[in-house]
Amino acid sequence: MPAKKKTAKKTSKKTTKKKSAGPWDAAFAPRAPGEARYWLVKSEPEVFSFDDLLHKHNKTTHWNGIRNFAARNFMRDAMRVGDRVFYYHSGSDAPSIVGICEVVREAYPDDSAFDSASEGYDPKSDRSKPTWYMVDLRAVAQFTHPVTLAQIKERKDLKDMALLRIGRLSVSPVRPSEWAAITRMAEG
DNA sequence: GCCAACGTTGGC
DNA sequence: GCCAACGTTGGC
(Lines give C-alpha, C1' and ligand atoms only; values in the text may rest on other atoms or scores of the structure.)
Protein backbone atom coordinates (compact mmCIF):
# COMPACT_ATOMS: atom_id res chain seq x y z
CA MET A 1 0.00 0.00 0.00
CA PRO A 2 1.12 3.52 -0.62
CA ALA A 3 1.56 4.33 3.04
CA LYS A 4 4.98 2.74 3.09
CA LYS A 5 6.54 4.96 0.47
CA LYS A 6 5.74 8.12 2.29
CA THR A 7 7.34 7.44 5.63
CA ALA A 8 10.87 6.54 4.69
CA LYS A 9 11.39 9.79 2.89
CA LYS A 10 11.37 12.47 5.54
CA THR A 11 14.51 11.47 7.37
CA SER A 12 16.88 11.14 4.45
CA LYS A 13 16.00 14.56 3.24
CA LYS A 14 17.94 16.91 5.45
CA THR A 15 21.38 15.76 4.34
CA THR A 16 20.70 17.03 0.81
CA LYS A 17 22.58 14.13 -0.62
CA LYS A 18 20.69 14.69 -3.84
CA LYS A 19 23.46 16.66 -5.51
CA SER A 20 22.27 19.81 -3.75
CA ALA A 21 19.58 20.63 -6.29
CA GLY A 22 21.53 20.70 -9.53
CA PRO A 23 22.22 23.99 -11.23
CA TRP A 24 20.07 22.93 -14.18
CA ASP A 25 16.91 22.15 -12.22
CA ALA A 26 15.48 25.53 -13.19
CA ALA A 27 15.24 24.31 -16.75
CA PHE A 28 12.66 21.73 -15.67
CA ALA A 29 10.78 23.84 -13.14
CA PRO A 30 7.17 24.83 -13.76
CA ARG A 31 6.78 27.90 -15.88
CA ALA A 32 5.01 31.15 -15.30
CA PRO A 33 2.19 31.74 -17.78
CA GLY A 34 3.66 32.75 -21.12
CA GLU A 35 7.23 32.25 -19.94
CA ALA A 36 9.66 31.31 -22.72
CA ARG A 37 12.93 29.55 -22.04
CA TYR A 38 16.25 29.44 -23.80
CA TRP A 39 18.49 26.67 -25.05
CA LEU A 40 21.60 25.95 -27.06
CA VAL A 41 22.13 23.19 -29.59
CA LYS A 42 25.42 22.16 -31.13
CA SER A 43 26.13 21.02 -34.61
CA GLU A 44 29.24 20.47 -36.64
CA PRO A 45 28.90 22.78 -39.63
CA GLU A 46 30.42 20.08 -41.84
CA VAL A 47 27.50 17.87 -40.95
CA PHE A 48 24.64 20.36 -40.72
CA SER A 49 25.31 24.08 -40.58
CA PHE A 50 23.04 26.99 -39.77
CA ASP A 51 23.15 27.81 -43.46
CA ASP A 52 21.85 24.32 -44.21
CA LEU A 53 18.98 25.01 -41.85
CA LEU A 54 18.19 28.31 -43.58
CA HIS A 55 17.87 26.43 -46.85
CA LYS A 56 15.48 23.82 -45.55
CA HIS A 57 11.80 24.06 -46.35
CA ASN A 58 10.30 26.55 -43.88
CA LYS A 59 13.85 26.83 -42.47
CA THR A 60 12.83 23.90 -40.31
CA THR A 61 14.38 20.55 -39.47
CA HIS A 62 13.93 17.79 -36.93
CA TRP A 63 16.77 17.72 -34.44
CA ASN A 64 17.38 14.00 -34.51
CA GLY A 65 20.33 11.84 -33.58
CA ILE A 66 20.61 12.97 -29.96
CA ARG A 67 21.93 9.95 -28.07
CA ASN A 68 22.76 11.36 -24.69
CA PHE A 69 20.36 11.08 -21.79
CA ALA A 70 20.93 14.50 -20.29
CA ALA A 71 20.43 16.16 -23.67
CA ARG A 72 17.40 13.99 -24.29
CA ASN A 73 15.87 15.01 -20.98
CA PHE A 74 16.21 18.72 -21.72
CA MET A 75 14.61 18.19 -25.12
CA ARG A 76 11.85 15.84 -24.09
CA ASP A 77 10.93 17.20 -20.68
CA ALA A 78 11.65 20.90 -20.84
CA MET A 79 11.67 22.33 -24.37
CA ARG A 80 8.41 23.95 -25.37
CA VAL A 81 7.05 25.48 -28.54
CA GLY A 82 8.16 29.07 -28.80
CA ASP A 83 11.39 28.62 -26.83
CA ARG A 84 14.42 30.26 -28.39
CA VAL A 85 17.57 28.31 -29.19
CA PHE A 86 21.14 29.35 -29.89
CA TYR A 87 22.74 27.49 -32.77
CA TYR A 88 26.36 26.61 -32.03
CA HIS A 89 28.95 25.46 -34.53
CA SER A 90 31.41 23.03 -32.96
CA GLY A 91 34.58 21.58 -34.41
CA SER A 92 35.24 24.57 -36.61
CA ASP A 93 38.22 26.95 -36.58
CA ALA A 94 36.40 29.33 -34.29
CA PRO A 95 33.62 27.50 -32.49
CA SER A 96 30.76 30.00 -32.23
CA ILE A 97 27.11 30.71 -31.72
CA VAL A 98 26.02 31.68 -35.21
CA GLY A 99 22.30 32.24 -35.01
CA ILE A 100 18.97 31.74 -33.36
CA CYS A 101 16.17 29.29 -33.98
CA GLU A 102 12.94 28.45 -32.25
CA VAL A 103 11.15 25.31 -31.17
CA VAL A 104 8.20 24.71 -33.49
CA ARG A 105 7.33 21.18 -32.42
CA GLU A 106 7.83 19.54 -29.05
CA ALA A 107 9.54 16.21 -28.52
CA TYR A 108 8.40 13.20 -30.50
CA PRO A 109 10.12 9.85 -31.10
CA ASP A 110 13.33 9.91 -33.12
CA ASP A 111 12.66 7.41 -35.89
CA SER A 112 16.31 7.03 -36.78
CA ALA A 113 16.76 5.03 -33.58
CA PHE A 114 14.54 2.26 -35.02
CA ASP A 115 16.26 2.09 -38.40
CA SER A 116 19.02 -0.50 -38.47
CA ALA A 117 20.49 1.21 -41.52
CA SER A 118 20.76 4.52 -39.69
CA GLU A 119 23.84 5.71 -37.91
CA GLY A 120 21.69 6.50 -34.90
CA TYR A 121 20.24 3.02 -34.71
CA ASP A 122 19.68 1.85 -31.17
CA PRO A 123 18.48 -1.75 -30.88
CA LYS A 124 17.49 -1.10 -27.28
CA SER A 125 14.98 1.57 -28.25
CA ASP A 126 11.51 0.21 -28.77
CA ARG A 127 8.74 1.89 -30.79
CA SER A 128 6.29 1.20 -28.01
CA LYS A 129 8.57 2.90 -25.50
CA PRO A 130 11.07 5.06 -27.38
CA THR A 131 14.35 5.98 -25.74
CA TRP A 132 15.24 8.85 -28.06
CA TYR A 133 13.33 11.94 -29.03
CA MET A 134 13.68 14.92 -31.32
CA VAL A 135 12.15 18.37 -31.64
CA ASP A 136 11.61 20.54 -34.69
CA LEU A 137 13.62 23.74 -34.95
CA ARG A 138 13.14 26.66 -37.29
CA ALA A 139 15.80 29.23 -38.05
CA VAL A 140 14.87 32.72 -36.90
CA ALA A 141 17.95 34.89 -37.41
CA GLN A 142 21.57 34.59 -38.37
CA PHE A 143 24.08 36.60 -36.36
CA THR A 144 25.99 39.20 -38.33
CA HIS A 145 28.68 38.84 -35.68
CA PRO A 146 28.88 35.24 -34.46
CA VAL A 147 29.79 35.01 -30.79
CA THR A 148 32.85 32.83 -30.40
CA LEU A 149 33.55 30.39 -27.61
CA ALA A 150 36.67 32.42 -26.85
CA GLN A 151 34.56 35.55 -26.34
CA ILE A 152 32.20 33.69 -24.07
CA LYS A 153 35.11 32.38 -21.99
CA GLU A 154 36.39 35.91 -21.50
CA ARG A 155 33.21 37.00 -19.79
CA LYS A 156 32.92 36.56 -16.06
CA ASP A 157 29.14 36.77 -16.18
CA LEU A 158 29.02 33.79 -18.56
CA LYS A 159 31.35 31.46 -16.74
CA ASP A 160 28.49 29.37 -15.39
CA MET A 161 26.90 28.76 -18.76
CA ALA A 162 25.97 25.14 -19.32
CA LEU A 163 27.93 25.33 -22.57
CA LEU A 164 31.10 25.72 -20.50
CA ARG A 165 30.12 23.66 -17.51
CA ILE A 166 28.53 20.51 -18.93
CA GLY A 167 31.14 18.98 -21.14
CA ARG A 168 30.16 18.01 -24.63
CA LEU A 169 26.46 18.23 -24.11
CA SER A 170 24.72 18.78 -27.42
CA VAL A 171 21.57 20.33 -25.97
CA SER A 172 21.85 22.61 -22.97
CA PRO A 173 19.86 25.27 -21.11
CA VAL A 174 20.63 29.00 -21.32
CA ARG A 175 19.61 31.42 -18.59
CA PRO A 176 17.71 34.58 -19.52
CA SER A 177 20.64 36.77 -18.44
CA GLU A 178 23.01 34.70 -20.57
CA TRP A 179 20.67 34.94 -23.52
CA ALA A 180 20.54 38.71 -23.17
CA ALA A 181 24.32 39.05 -22.87
CA ILE A 182 25.04 36.93 -25.91
CA THR A 183 22.44 38.49 -28.18
CA ARG A 184 23.95 41.86 -27.24
CA MET A 185 27.45 40.59 -28.09
CA ALA A 186 26.14 39.43 -31.46
CA GLU A 187 25.14 42.98 -32.30
CA GLY A 188 28.82 43.75 -32.51
C1' DG B 1 46.51 14.37 -33.90
C1' DC B 2 46.39 14.75 -28.97
C1' DC B 3 44.06 14.52 -24.91
C1' DA B 4 40.72 16.01 -21.16
C1' DA B 5 36.28 15.24 -19.76
C1' DC B 6 32.55 12.77 -19.79
C1' DG B 7 29.16 8.91 -20.59
C1' DT B 8 28.31 3.99 -21.16
C1' DT B 9 29.16 -0.83 -20.56
C1' DG B 10 30.04 -4.99 -18.39
C1' DG B 11 32.56 -7.99 -15.11
C1' DC B 12 32.56 -9.01 -10.55
C1' DG C 1 26.52 -1.28 -6.83
C1' DC C 2 31.34 -0.40 -7.79
C1' DC C 3 34.74 0.68 -11.00
C1' DA C 4 37.89 -0.22 -14.86
C1' DA C 5 37.85 -0.23 -19.68
C1' DC C 6 36.26 1.67 -23.53
C1' DG C 7 34.01 5.06 -26.71
C1' DT C 8 32.83 9.80 -27.98
C1' DT C 9 33.00 14.74 -28.12
C1' DG C 10 35.27 18.64 -29.24
C1' DG C 11 38.78 22.29 -28.08
C1' DC C 12 43.33 23.18 -29.00
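Reminder, nothing fancy here: chain letters follow the sequence lines and each chain counts from 1.
Residues forming a side-chain hydrogen bond (donor to acceptor under 3.5 Å, both in side chains) with A:T148 (at least two apart in sequence, or on another chain): A:Q151. Partners of A:K153 by side chain to side chain contact (heavy atoms under 4.5 Å, CB included), not counting sequence neighbours, listed by chain and number: A:L149, A:L164. In this structure, A:R184 has no salt bridge (charged side-chain N to carboxylate O under 4.0 Å, His left out) partners at least two apart in sequence or on a different chain. Every residue two or more places apart in sequence or in another chain was checked for a salt bridge (charged side-chain N to carboxylate O under 4.0 Å, His left out) with A:E44, and none qualifies. Applying the salt bridge (charged side-chain N to carboxylate O under 4.0 Å, His left out) test to A:D160 and every residue at least two apart in sequence or in another chain returns A:R165. When the side chain to side chain contact (heavy atoms under 4.5 Å, CB included) test is applied to A:A162, the partners found at least two apart in sequence or on another chain are A:W24, A:I166, A:S172, A:P173. Residues satisfying the ring-ring contact (aromatic ring centres under 6.0 Å, His included) criterion with A:Y38, sequence neighbours excluded, are A:W179. Here A:Y121 pairs with nothing under the ring-ring contact (aromatic ring centres under 6.0 Å, His included) rule; sequence neighbours left out. For A:D136, there are no salt bridge (charged side-chain N to carboxylate O under 4.0 Å, His left out) partners, not counting sequence neighbours.
Contacts between chain A and DNA chain C, taken as any atom within less than 4.0 angstrom of a protein heavy atom, begin and end at C:dT9 to C:dC12.
In this structure, A:F74 and A:W39 have tilted ring planes: the angle between them lies in the 30° to 60° band.
Residues from residues 68-79 of chain A placing a heavy atom under 4.0 Å of any atom in DNA chain B, listed by number, are A:N68, A:F69. Using a 4.0 Å cut-off on heavy atoms, the residues of residues 146-154 of chain A that approach DNA chain C are A:L149, A:K153, listed by number.
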